[in-house]
Amino acid sequence: MTNGRNWVESMPDALARAKVMEKGTYFEGFEEGKTIEHEPGLRLTRDGNDLWTSQTLNHDPAYWRPDAARERGFEEPPIHPDYLVACTMGPSVEDLSEKGGYFLGRTDVRFHRDAVYPGTDLRVESTVLDRRTSSSRPDYGIVSWETTSYDCETDDPLCSYTRTNMVPRREPGSSIETDGGESLNDSRETPSLPTELVAPDGPYFEDFRDALDRVEGRDAAVAYRHERGRTVDDVLMSVLPLRTLNTAGQHHNATMMADSPSGEMVVYGDVTRSVALGHARSDEATWREVGYEDERFHDFVMTDDTVFAFTRVVDAEIDEGERKHGRVTFRHYAVTGDDRVVYSGTRTAQIQRRTD
């Protein structure tokens, strides 16, 4: 029997010689059309929901208080859409993106139930839609998946989206068609802005509609900043992603990230996104979330960065036969304190109409 002390004293040699039991999947492991059943699953809980919404400043009372929930047409405070999106993403990470690589974007985010309640057990699956190499980063490939979460009891879909990531290649330089130069940062020439930026006079649908009417035909846009900011701490960096079973070491493994391009841990994209949307929602009378398109993650967010938000109103339409709300489309931007744009996405939401 080997002396245990020998193993302790010889650990550096043992670590250097031992085989690593790897996690995650390299680029070459993804096959177009293949469906992956993600093993962990997740139970949506009131505690997890409240932790996510409180820490990202999503303080809509309909997701906290029973009386406010009933006024909004819910049976009880439901699961917040941002938490549902993150819990759909989380169980998929071990199979899809734990190897590392940039979260490039997501689109077609859809909610298939009007409300999802605490106690719902999820199962999650993803289908590989596309894979290609990147000429700008030859050590990586680019993979797109469609991911869907289901209610384990009824097998009804709850949330779905398409996301695209860079994924490390086990064999860089193999002969697969390249994409022509995808990269993390967009180096296109900066477009000019409208001469005038107009803010709505209030949080209701009519305020957004009136503001759009005021800028029509002019060199102007409805666009404004949100006052609140949220500085990255340990909860945003590690606690929130780990609570959704997001195992990506980028958010909790400082040793792994020491030799990365950022040089340190980086914030999970869905946390950055939710903080920015929380700031925006605080200046809206939101009724329901509808969906999201063209979400992009432009740069790293790290410890001590402060996330602010900027919003442009794209459209506002009356829902036929609906007196309580109208449909507004926004383009939201997450911006750090040093004016770096780190997230952008198009969001459509039902916004309450004035009752007076």
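All figures in this text were calculated on a predicted structure; none of them were measured in a lab. Below, each value reflects all heavy atoms present in this structure, side chains not excepted, and no hydrogens, waters or symmetry copies.
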**Pairing of Lys99 and Glu22 as salt bridge, 4.0 angstrom limit** = yes
**Asked** Looking at Arg46 and Tyr63, what are the two nearest heavy atoms and their distance?
**Response** NH1-O, 3.8 Å
**Request:** Report yes or no: do Ser160 and His112 form a side-chain donor-acceptor pair below 3.5 Å?
**Result:** yes
**Prompt:** Taking side chain as C-beta onward, heavy atoms only, is Cys87 less than 4.5 Å from Thr244?
**Reply:** yes
**Prompt:** Think Arg225 forms a cation-pi with Phe308, using NZ or CZ under 6.0 Å from the six-ring centre and within 45 degrees of its axis?
**Reply:** no
**Asked** Any cation-pi pair here, Arg273 with Tyr292, using under 6.0 Å and within 45°?
**Response** yes
**Message:** Would you say the ring centers of Phe74 and Tyr117 fall short of 6.0 Å from each other?
**Reply:** no
**Message:** Is there a side-chain hydrogen bond (donor to acceptor under 3.5 Å, both in side chains) between Asp315 and Thr329? Walk through the geometry before answering.
**Reply:** CA-CA 5 Å; Asp315 195 14; Thr329 299; 5.4 Å; no
**Message:** Ignoring hydrogens, what is the shortest heavy-atom contact between Pro194 and Asp219? Give both atom names and the distance.
**Reply:** CA-OD1, 3.4 Å
**Prompt:** Do you know which of Thr35, Val128, Thr164 makes side chain to side chain contact (heavy atoms under 4.5 Å, CB included) with Trp145?
**Reply:** Val128
**Prompt:** Is it true that Asp121 and Arg123 have a side-chain N and a carboxylate O under 4.0 angstrom from each other?
**Reply:** no
**Prompt:** For atom CG of Asp67, is the number of surrounding heavy atoms from other residues, nucleotides or ligands below 6.0 Å larger than 12?
**Reply:** yes
**Asked** With under 30° as parallel and over 60° as perpendicular, where do the rings of Phe330 and His332 fit, or are they tilted in between?
**Response** parallel
**Prompt:** Could you give the distance from CD (Gln55) to CG (Asp233), rounded to the nearest 0.5 Å?
**Reply:** 6.5 Å
**Asked** Which of parallel (below 30°), tilted (30 to 60°) and perpendicular (above 60°) describes His59 and Trp64?
**Response** perpendicular
**Complete:** In short, Met265 meets Met237 closest at the heavy-atom pair O-CE, 3.7 Å
**Fill in**
Scanning both residues in full, the closest heavy-atom pair of Cys159 with Phe111 reads SG-CE2, 4.2 Å
**Message:** Within the 4.5 Å heavy-atom criterion, are Leu57 and Ser282 side-chain neighbours or not?
**Reply:** no
**Prompt:** Side chains of Asn58 and Thr56: do they bring a donor and an acceptor to under 3.5 Å?
**Reply:** yes
**Request:** Of all the heavy-atom pairs spanning Ser97 and Gln250, show the shortest one and how long it is.
**Result:** O-NE2, 4.4 Å
**Message:** Counting C-beta onward and ignoring hydrogens, is there a side-chain heavy-atom pair between Leu240 and Val235 closer than 4.5 Å?
**Reply:** yes
**Request:** Evaluate the side-chain hydrogen bond (donor to acceptor under 3.5 Å, both in side chains) criterion for residues Thr154 and Arg113: first the C-alpha distance (whole Å), next the side-chain angles of each, then the deciding distance (0.1 Å), finally the verdict.
**Result:** CA-CA 12 Å; Thr154 65; Arg113 272 190 193 168; 3.2 Å; yes
**Item:** Note, Pro78 side chain near Val116 side chain (heavy atom, < 4.5 Å)
**Value:** no
**Item:** Spacing of Asp139 atom CG and Arg169 atom CZ [to the nearest 0.5 Å]
**Value:** 8.0 Å
**Asked** Any chance OH of Tyr204 has more than 12 other-residue heavy atoms, nucleotides or ligands included, within less than 6.0 Å?
**Response** no
**Prompt:** Are Arg354 and Asp207 close enough, and set up right, to give a side chain to side chain contact (heavy atoms under 4.5 Å, CB included), and what steps lead you there?
**Reply:** CA-CA 9 Å; Arg354 292 188 180 279; Asp207 298 310; 2.8 Å; yes
**Prompt:** Any side-chain heavy atom of Pro77 sitting closer than 4.5 Å to one from Pro66?
**Reply:** yes
**Asked** Does the side chain of Pro241 come within less than 4.5 Å of His252's, by heavy atoms?
**Response** no
**Message:** For Asp47 and Thr45, which I'm curious about, is there any donor-acceptor pair between the side chains at under 3.5 Å?
**Reply:** no
**Asked** Hey, does the side chain of Ser10 reach the backbone of Trp7 with a donor-acceptor pair shorter than 3.5 angstrom?
**Response** no
**Message:** Would you say the ring centers of Tyr268 and Phe297 fall short of 6.0 Å from each other?
**Reply:** no
**Request:** For Glu39, look at atom CD and say whether over 12 heavy atoms of other residues, nucleotides or ligands are found less than 6.0 Å away.
**Result:** no
**Message:** Please enumerate all residues that pass side-chain hydrogen bond (donor to acceptor under 3.5 Å, both in side chains) together with Glu31, with sequence neighbours excluded.
**Reply:** none
**Item:** Residues Ser344, Arg331; criterion side-chain hydrogen bond (donor to acceptor under 3.5 Å, both in side chains); working and verdict
**Value:** CA-CA 7 Å; Ser344 62; Arg331 185 72 179 169; 3.1 Å; yes
**Message:** Using a strict threshold of under 4.0 Å (side-chain N to carboxylate O), is an ion pair present between Asp319 and Lys324?
**Reply:** no
**Asked** How far apart are the closest heavy atoms of Asn49 and His80, and which atoms are they?
**Response** OD1-N, 2.7 Å
**Asked** Under 6.0 Å from the six-membered ring centre of Phe30 and within 45° of its axis: does the NZ or CZ of Arg131 meet both?
**Response** no
**Any side-chain heavy-atom pair of Tyr161 and Thr147 under 4.5 Å** = yes
**Prompt:** Does a side-chain N-to-carboxylate-O contact under 4.0 Å join Arg214 and Asp210?
**Reply:** no
**Item:** Derivation of the salt bridge (Lys or Arg N to Asp or Glu O under 4.0 Å) call for Glu295 and Arg163
**Value:** CA-CA 9 Å; Glu295 295 191 310; Arg163 89 162 151 134; over 6 Å; no
**Heavy-atom check, side chain of Arg106 versus side chain of Met89, under 4.5 Å** = yes
**Prompt:** When you look at Arg296 and Asp294, which way does the salt bridge (Lys or Arg N to Asp or Glu O under 4.0 Å) test go after all the steps?
**Reply:** CA-CA 6 Å; Arg296 296 288 182 266; Asp294 192 27; 3.2 Å; yes
**Request:** Examine the side chains of Glu98 and Thr247 and answer whether a donor and an acceptor come within less than 3.5 Å of each other.
**Result:** yes
**Message:** Within a 6.0 Å radius of atom CZ on Arg340, are there more than 12 heavy atoms belonging to other residues, nucleotides or ligands?
**Reply:** yes
**Verdict with reasoning, Arg110 to Glu293, per salt bridge (Lys or Arg N to Asp or Glu O under 4.0 Å)** = CA-CA 9 Å; Arg110 296 292 182 267; Glu293 306 288 345; 2.2 Å; yes
**Request:** Determine, for Asp60 against Arg281, whether the closest basic-nitrogen to carboxylate-oxygen distance falls under 4.0 angstrom.
**Result:** no
